[in-house]
Structure formats: C-alpha cells, structure tokens
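Residue numbers count from 1 along this sequence. Start at 1 and go down the list; that is how both ligands and their atoms are numbered. What you are looking at is a predicted structure, and each value in this text was computed from that prediction instead of being measured.
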Amino acid sequence: MKIVILDGYTENPGDLSWDGFAALGELTVYDRTPADQILSRIGDAEIVITNKTPLTRETFAACPGMRYVGVLATGYNVVDIEAAKEKGIPVTNIPTYGTTAVAQMVFALLLEICHHVGDHSKAVHRGEWTSCPDFCFWNTPLIELAGKTMGIIGFGRIGQNTAQIARAFGLRVLAYDEYPNDAARALGDYVTLDELLAQSDIVSLHCPLFPSTEGIINKDSIAKMKDGVILINTSRGPLVEQADLAQALNSGKVYAAGLDVVATEPIRADNPLLSAKNCIITPHIAWAPKESRARLMEIAVNNLKAFLEQKPVNVVNA
Ligand code: NAD
C-alpha cells in the first residue's frame with residue numbers, strides 16, 4: 001500500500017519521525033508539492049496525507065486509486081470533502097492537539113507587548129544600559145496585567161485554556177460565544193459581544209473562521225472598544241479587517257496588536273499591518289512547538305491505523 005505525504009515539512013522539518021506512517025505502508029514524503037505536481041505525485045497511491053496542499057474534485061477524478069485522505073491539521077478546507085465522499089473516500093483531521101500551545105502563545109504575544117523583552121535585551125547588548133545614567137531604563141511603556149480585563153471571543157478549548165492562564169495573571173475574564181457552555185462559566189463571565197468590546201482592556205480572538213465571524217474585528221467593532229485596547233489574534237487572519245486594524249493602530253485607538261495569523265499567508269509585502277504602529281506579527285507558529293507537532297503526528301498515524309482496521313475515527317465527511 002502506497003502512502004504519499006504531499007507537504008510534510010512544517011509538521012516535521014526534521015525533528016520528528018515519519019516511522020509511524022512508514023510502518024503502515026510504502027511511504028514517500030515530500031516537503032512541499034507545487035500545484036502542477038499534485039496528480040503525478042499522488043499517482044496510484046491509496047493513502048494521501050496533506051497539510052495545506054489542495055485536493056480538489058479534479059484531483060479525486062484523476063487519481064482513482066485513492067482510498068483515504070488524512071489532513072495534518074484541524075482545518076480541512078483544503079480538501080473537497082464532498083467530492084471525496086462521492087468516491088467513498090473518508091477524510092480525517094486532527095480535532096485537537098495544540099490547545100495548550102496556542103494558549104501559551106497568546107501570552108507570549110501579550111507579554112511582548114507589556115514588556116518588549118526582546119527589544120530591551122537588544123538595547124542592553126547595544127550598550128544602552130552601560131551608558132545609562134540610571135540603574136535602569138525602559139524604551140517603551142511597561143504594562144501590568146493584574147486587575148485588567150481580558151475579553152475572549154470564542155470560549156471553546158483554546159479560549160478556556162487562555163482564560164485559565166489569564167486568571168493566574170490576575171486578569172478578569174469576559175467571554176463571548178455563540179454557544180455558551182455551563183462548564184466554562186467557572187472560568188469567565190459570559191457577556192454580549194458589545195459588552196465584551198466595551199469593557200475589555202485586552203481582546204483575544206478564539207472563534208473559528210466562519211462566514212459569520214469573518215471580519216468580526218472591523219472599524220465598527222473597534223469603535224466600540226476602549227481607547228488603548230490591546231488585540232491578540234492567534235485564531236485566523238480573516239477574522240480581522242486588516243486595513244481597519246492598521247488605521248486604528250496608527251491612530252492609537254488600538255494601543256498594540258499581537259498577531260500570529262494574517263488574512264493571506266505567507267504575509268504579503270503590501271499587508272498594511274507590516275507598517276502599522278505597535279504591531280507584533282509572528283509567522284503562524286502558535287501550533288508548532290515540538291510537543292504539539294508530536295501529538296499531531298501521533299493522532300494522524302492513529303487515524304490511518306483506525307481506518308486500516310475498518311474502525312475509522314475523526315472522519316469529517318462521514
Ligand atoms: P473550539 O471549537 O473548541 O472553540 C471555538 C469556539 O468558538 C466554540 O466554543 C464555538 O461555540 C465558538 N464560536 C463559534 N462561532 C462563534 C461566533 N460566531 N462567535 C463567537 N464564538 C463562536 O476550537 P479551539 O480548539 O478552541 O480552536 C479555536 C480556533 O483556534 C480554531 O478555529 C483555529 O482557527 C485556531 N487555531 C489556531 C492555531 C494557530 O497555530 N495559530 C492552532 C490551532 C487552532
């Protein structure tokens with residue numbers, strides 16, 4: 001049985017092992033697959049594993065040997081799951097592997113905004129402390145979190161984990177979710193979206209990207225926020241209208257933003273957020289600590305094993 005991994009590099013740039021897949025069949029791993037090589041690389045393989053390489057209706061029509069598609073991510077919008085279903089091909093995903101890693105990244109971004117540790121360390125290495133007339137200096141405002149309010153939009157797994165950490169910092173937590181959940185009430189106070197926007201010093205996005213959430217942060221919602229609010233987005237770039245956020249950062253309405261995701265990835269050179277004031281941008285790394293990728297790998301291998309044992313799990317097109 002042939003197994004083809006079309007774009008394995010981001011999941012395993014060399015610090016993990018593909019042995020779990022290799023034990024299940026004749027494995028070929030490609031770091032990346034350009035669009036014009038997708039069909040030839042799948043060829044007559046029965047098992048196809050993708051992360052972001054698209055598998056369209058045409059792919060399924062052109063590769064009749066395919067029996068199973070495994071997506072190395074939670075989001076599976078790169079696969080035409082209906083076309084797969086019509087061919088009787090199950091598509092699986094990794095429903096959860098990175099909850100703690102993403103929640104941790106929220107605070108990596110937030111603490112960078114509060115203390116600019118990296119910039120201050122660089123300043124010290126440049127000699128600014130050596131030549132300083134005082135015993136200390138700081139080049140940016142320093143912000144204490146205790147006593148402030150964090151508003152979490154989307155109070156699911158990552159939102160609730162973020163709330164747990166927030167509470168340890170002494171933050172008050174407000175939550176907005178379309179589907180409030182009783183178990184989560186212990187971690188934050190559910191409010192309406194408008195209440196959350198009006199009361200939060202920090203707004204953190206954790207809802208999925210749906211048509212209803214696309215652009216949820218825009219000039220109107222920003223106008224409802226406190227002056228000097230901090231925005232954190234580790235969820236999906238299109239939740240934010242980027243031009244509106246850039247304008248709000250430049251005017252100071254939004255004091256700072258910490259973004260792990262942008263609307264088009266990799267980021268385009270003309271993204272207005274690249275030149276906006278006080279905007280920290282990381283290249284979609286929240287999911288990527290080794291521990292988190294190792295969990296993803298284990299679940300992906302177990303998904304394939306379960307399929308081969310005719311007890312499929314995590315099927316998104318059942
Ligand atoms: P989850 O499904 O556990 O939680 C999402 C929550 O959003 C749910 O409680 C749901 O009810 C709520 N929701 C749905 N529609 C909403 C709406 N219109 N308004 C407000 N809330 C709404 O998902 P999760 O595991 O917590 O992941 C959240 C998001 O994090 C994912 O959708 C993904 O986009 C993102 N993510 C990012 C990375 C990264 O590397 N940056 C990694 C993993 C996940």
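For ligand 1, the atoms sitting less than 4.0 Å from at least one non-hydrogen atom of Ser235 are 29 (C), 30 (O), 33 (C), 34 (O), 35 (C), 37 (C), numbered in the order shown with element in parentheses. Those atoms of ligand 1 that come under 4.0 Å of a heavy atom in His284, given as number and element, are 39 (C), 40 (O), 41 (N). For ligand 1, the atoms lying closer than 4.0 Å to a non-hydrogen atom of Tyr179 are 11 (O). Atom numbering of ligand 1 starts at 1 in the shown order; those under 4.0 Å from a heavy atom of Val102 are 38 (C), 42 (C), 43 (C). Near Ser212, meaning under 4.0 Å from one of its heavy atoms, ligand 1 places the atoms 18 (N). Listed by number with element, the atoms of ligand 1 under 4.0 angstrom from any heavy atom of Gly154 are 7 (O), 21 (N). The contact set between ligand 1 and Phe155, taken as ligand atoms under 4.0 Å from a residue heavy atom, comprises 9 (O). Ligand 1 places these atoms under 4.0 Å from at least one heavy atom of Asp260: 41 (N).
Side-chain contact check for Arg157 and Thr99: no donor-acceptor pair (N or O, by modelled atom type) lies under 3.5 Å. Using modelled atom types and a 3.5 Å distance limit, the side chains of Tyr68 and Thr92 yield a donor-acceptor pair. For the residue pair Asp80 and Thr56, no side-chain donor N or O sits within less than 3.5 Å of a side-chain acceptor on the partner.
Under 4.0 Å from ligand 1, the heavy atoms of Thr213 that appear belong solely to its side chain. Contact annotation for Met105 and ligand 1: no heavy atom of the residue comes within less than 4.0 Å of the ligand. At a heavy-atom cutoff of 4.0 Å, ligand 1 is contacted by the backbone of His206 but not by its side chain. Heavy atoms from both the backbone and the side chain of Ile158 come within less than 4.0 Å of ligand 1.
Side-chain atoms of Ile5 and Glu11, non-hydrogen and from C-beta on, never get closer than 4.5 Å to each other. Trp287 is not listed as a side-chain neighbour of Thr74, based on a closest heavy-atom distance of 4.5 Å or more. Contact of the Tyr76 side chain with the Asn317 side chain is not registered, since no non-hydrogen atoms from C-beta on lie closer than 4.5 Å. Side-chain atoms of Leu259 and Gln242, non-hydrogen and from C-beta on, never get closer than 4.5 Å to each other.
The option from Gly156, Ala103, Pro208 that lies nearest to atom 4 (O) of ligand 1, judged by heavy atoms, is Gly156. Among Asp177, Leu296, Leu239, Asn233, the residue whose heavy atom lies nearest to atom 9 (O) of ligand 1 is Asp177.
Tested against Leu6, the residues Ile42, Ile49, Asn51 include a single side chain to side chain contact (heavy atoms under 4.5 Å, CB included) partner, Ile42.
Under the 4.0 angstrom criterion for non-hydrogen atoms, Thr74 is not in contact with ligand 1.
With salt bridges taken as basic N to acidic carboxylate O contacts below 4.0 Å, none links Asp7 and Lys52.
Of all heavy-atom pairs spanning Ala198 and Lys226, the tightest one is O-CG, 3.4 Å.
The other residues sharing a hydrophobic cluster with Val124 are Trp129, Phe137, where clustering joins ILVMFWY side chains under 4.5 Å apart.
Protein heavy atom in closest approach to atom 23 (O) of ligand 1: Arg157 NH2, 4.0 Å.
Not one N or O of Tyr176 is nearer than 3.5 Å to an N or O of ligand 1, by distance alone.
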